[in-house]
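Residue numbers begin at 1 in each chain, while the letters A, B, ... track the order of the sequences.
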Amino acid sequence: MPLDLPKAYDATAVEPDVYQRWETNGCFKAGAGKRAGKPSYTIAIPPPNVTGVLHMGHALNNTLQDTLIRWRRMQGHDTLWQPGTDHAGIATESVVVKQVQEQGLTRDGLGRPEFLKRVWAWKEQSGGKIVQQLRKLGASCDWSRERFTMDEGLSRAVRTMFKRLYDAGLIYRGTRMVNWCPVQKTALADDEVEHIEKNGHLWKLRYDLEDNSGSIVVETTRPETFFGDTAVAVNPADERYQAMIGKRVRLPIIGRLIPIIGDEHADPAKGSGAVKITPAHDPNDYEVGKRHNLPLIQVIGFDGTMTTEAAHFAGQDRFVCRKAVCAELEASGVLLGSTQIMHSVGHSYRSNAPIEAMVTEQWFVKMAPLAERALKETQEGRVLFHPDRWAKVYGQWLTDVRDWCISRQIWWGHRIPAWTCAACGKHTVAIEDATVCQHCGSKDIIQDSDVLDTWFSSALWPYSTLGWPEQTPELARYFPTSTLVTDRGIIFFWVARMVMTSMFALDKKPFSDVYIHGTVLDERGDKMSKSKGNGIDPLVMISGGTQKYLGKEFTCPGYGADAMRYTLLDMTTEGQDLKLSPSKFETGRNFANKVWNAGRFLLTNLSERPLAAPPTDAQALAAAIGFPEVWLLDRLQGAIDECTTALERFRYNDYANSAYRFFRDDLCDWYVEWAKRRFKAGGAEAQAAATVLAYAFERVLRLLHPGMPFLTEHLWQYLQDQTGGKAWDQFLMLQAWPETVSTLRSAGAGERMARLQAVVTSVRNVRNLVGLADGVAVAAVVDAPDAATLQMDGEFLTDRGNLSALTIASGVAKPPQSVTTVVGALKVHIPLSGLVDLTKVKVQLEKRGQVLAKSISGKEARLGNADYVARAPAEQVAETKLLLVSERAELTNVNETLATL
RNA sequence: GGUCUUUUAGCUCAGUUGGCUAGAGCACUACCUUGACAUGGUAGGGGUCACAGGUUCGAGUCCUGUAAAGACCACCA
């Protein structure tokens, strides 16, 4: 049949159609294509924010997962890539709060039920967008199993886990100093606080003694908190202040008297050695306060404004107040000046607002017992990190982990399944909504108004998505999952907590391997982010479009998901960050186009010359009519081996490079060029070459498929059509991953071809050197000790070297006016017809002579070293000697040639 | 303050257990519009492997130190 394939591959025209066929034919379903005797292989997707938009980090993360799952699926494993999305509590709630504000409304004004209705509406409206975007990327998730962290089933899992932890005494309610975000008005966990180094002031304040016998100076970065001071601490061993312990000082403005206390917390070496104690607003001071029974005076409210304790500053924003307080204290001589300092200030990782330490009552998870088991899993090698250095980071965090504050004072999330009894004050924790107090039977109970930290539900993800707490068939079949692919940023938030909850509730690790990939950076090395405007939109790279990047606009016609995936894989080296720029994706685009065109060449030939039978292993072997064919099939085995090993080791760049090398160098540059001669010859020779090429091409499509699924599937369908099958009857994505075939291995083929390639390259080199075009045939005289062997490949040499005549003989004389190249034990003489620029040749040869001389003297020195000869492995010494002989021969030739020019 | 990572060609990066002339892609130079592909081909130029010591017959690779860049952790007034 006639084939009219476009010269340039247009991914945007191919990919949507291919994806749709996969999806409608159930190729993504759990277990699709599985073969008996293979274990399950599961990946639980790191659930993206349900209202989020795909960014390059997602593209990388999901490319790596898809590559693994496609590879394992082809290997015949019972695979499941479990997709879903996360409700992302604070992040989503704050988006909707803003939307509501734009309508002139407030969250509290709307009330909880109405506000939540709006969040759900926003989730319905924008949710699914990111899931569609993952499809564009080619993600082969089982979409029929898509889950959302606030689904009924997952919510039940959350409640069950909460109850089990509570019953085990691992969840408790306590009054503690926690990190408070005044913008979101909620408590945050310790690891949700980002410490940022900021420029600040250290102010000196003078507090006068009650008896006016003197004063004491304290230093603070937070002068506005002095209203909450309930003591001044000095070190009991500090002689300067010993006499003052027990006396009282008068706070400025408000005149309240506070004691001077002795406490180890005061460091004589720091500042004045005396420190103001504000137990309600500083974690250290809180501890000091507890030791000395100091009152807690809250001067900053939960909304970040000053309370009535702050006298006439009440109602002011904390930062406005700071300035005003400083001004007033300076005027009254209390503020004695300030110094500039750099200090780290905690910020909410969600709102970016500086956090306040606040004493509140919250729910906590007791971490130590959970952490201990989680730690064991990595220490005893049951959960492996790749690269393994992250196991250390994980271990360190688990070793000094502090209790996890899990209650959030927001509305969007899993409401805490605990009810407080008005009668007895005790808590009833239940999976089903409670109606009576478990302790006293009172019906006067009320559910806790807080919701759980988003990470609480994420921590259950690998098994809650499979139906836990029910003992579902899926849970039995796919849990524990196999590989977790994620970013180093959430090792603590997510990875560690999954291991902890899983060990606790299921007594099983949640996954065996954790692959931590690098971070996506822009071309300057900065993290990509919306606010910096340095993000590269994956959808623009895939489907085309215009976007701003680093202040400039760029347009991409749409390189396709395959191109982007290939580039990402190529750049994914163990644990390294990826410095990207839009032009990086040309690498993938170019390679995709190369694959397309090689396919086009094959398909066109097949359409003109149909194969007698489809290419199979046995036929390919039988069709291996010549050495180049034998060699190609041998190389293919090497590529299969390399790709498989690379993927087993999570070496994505090795996988991409091995496939690339084989495809471009071996298949295209050497074999396809040679096959053109076979095709020209026609008949059985052409048939045989086409069979071998079709076979090798089909195999390499399989190798490339996990990385470049669309293009390979597309070409494979054409190939089916041209080799006796029917397009879209079957799918490449469900074909078997290639295994090496021992009968297609050929010992020595690599060396034999390498020698031929070296001869051909040396001829081309000489031609280039003397300024002859590639199309100009030259004669060659090869002096070969094993002339008879080399003569068998004479046709290949003649064709690939574009030789007008080829003489191969042992000990043949060097023709006059010829340039000689030494290739191992061979001498390749190219007689020059006198049309050449001899000075150019001379310069080249002289250069070569210098390189040789240097190498020879190095080897002579080495061999002259008795220690080397005695201690280095014998084969190595022998090899050095051999090389020395050949280099000396070549140098002689170079000199001889130079003499004749 | 602590832990970790990085430093190899103009740029982005490979370089497994130490081994012979250190590789790739992009960029660069010359030639080639040849029947798969100019998003291409052929050939080529370009590196004292951050620096200083050490171990070794032999170091990009191992050890010690220095410098620079980056990431994370930490309650520092």
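- OP1 and OP2 of C26(B) both lie 4.0 Å or more from every side-chain N or O belonging to Lys584(A).
- Atom pair Leu603(A):CG and A36(B):C1' shows a separation of 10 Å (rounding to whole Å applied).
- Aromatic ring pairs are classed by plane angle as parallel below 30°, tilted from 30° to 60° and perpendicular above 60°; the pair Phe591(A) and Phe663(A) is perpendicular.
- The shortest distance between the side-chain N/O atoms of Asn590(A) and the OP1/OP2 oxygens of G40(B) is below 4.0 Å.
- Within the 4.0 Å cut-off from OP1 or OP2 of C31(B), not a single side-chain nitrogen or oxygen of Arg767(A) is found.
- Arg389(A) has no side-chain polar atom (N or O) that falls below the 4.0 Å cut-off from OP1 or OP2 of U6(B).
- The gap from the P atom of U64(B) to that of A22(B) amounts to 28 Å, rounded to the nearest Å.
- Judged by distance alone, with hydrogens and angles left aside, Thr573(A) brings no side-chain donor or acceptor close enough to the base of C13(B) to form a pair under 3.5 Å.
- Judged by atom type and distance alone, Glu574(A) does not reach the base of A14(B) through any side-chain donor-acceptor pair under 3.5 Å.
- Atom name C1', nucleotides A52(B) and G46(B): the rounded distance is 27 Å, in whole Å.
- For the residue pair Thr339(A)/Lys204(A), the side-chain donor-acceptor check at 3.5 Å is not satisfied.
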Assign a letter to each nucleotide of nucleotides 41-46 of chain B from its 5' end: B, base within under 4.0 Å of a protein heavy atom; S, sugar-phosphate only; -, no contact. BBSS--
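- Counting all heavy atoms, side chain and backbone alike, Gly518(A) lies closest to Leu60(A) at O-CD2, 3.7 Å.
- Atom NE2 of His281(A) is separated from atom OH of Tyr286(A) by 12.5 Å, given to the nearest 0.5 angstrom.
- In this structure, Glu224(A) CD and Leu329(A) CG are separated by 11.0 Å, a value rounded to the nearest 0.5 Å.
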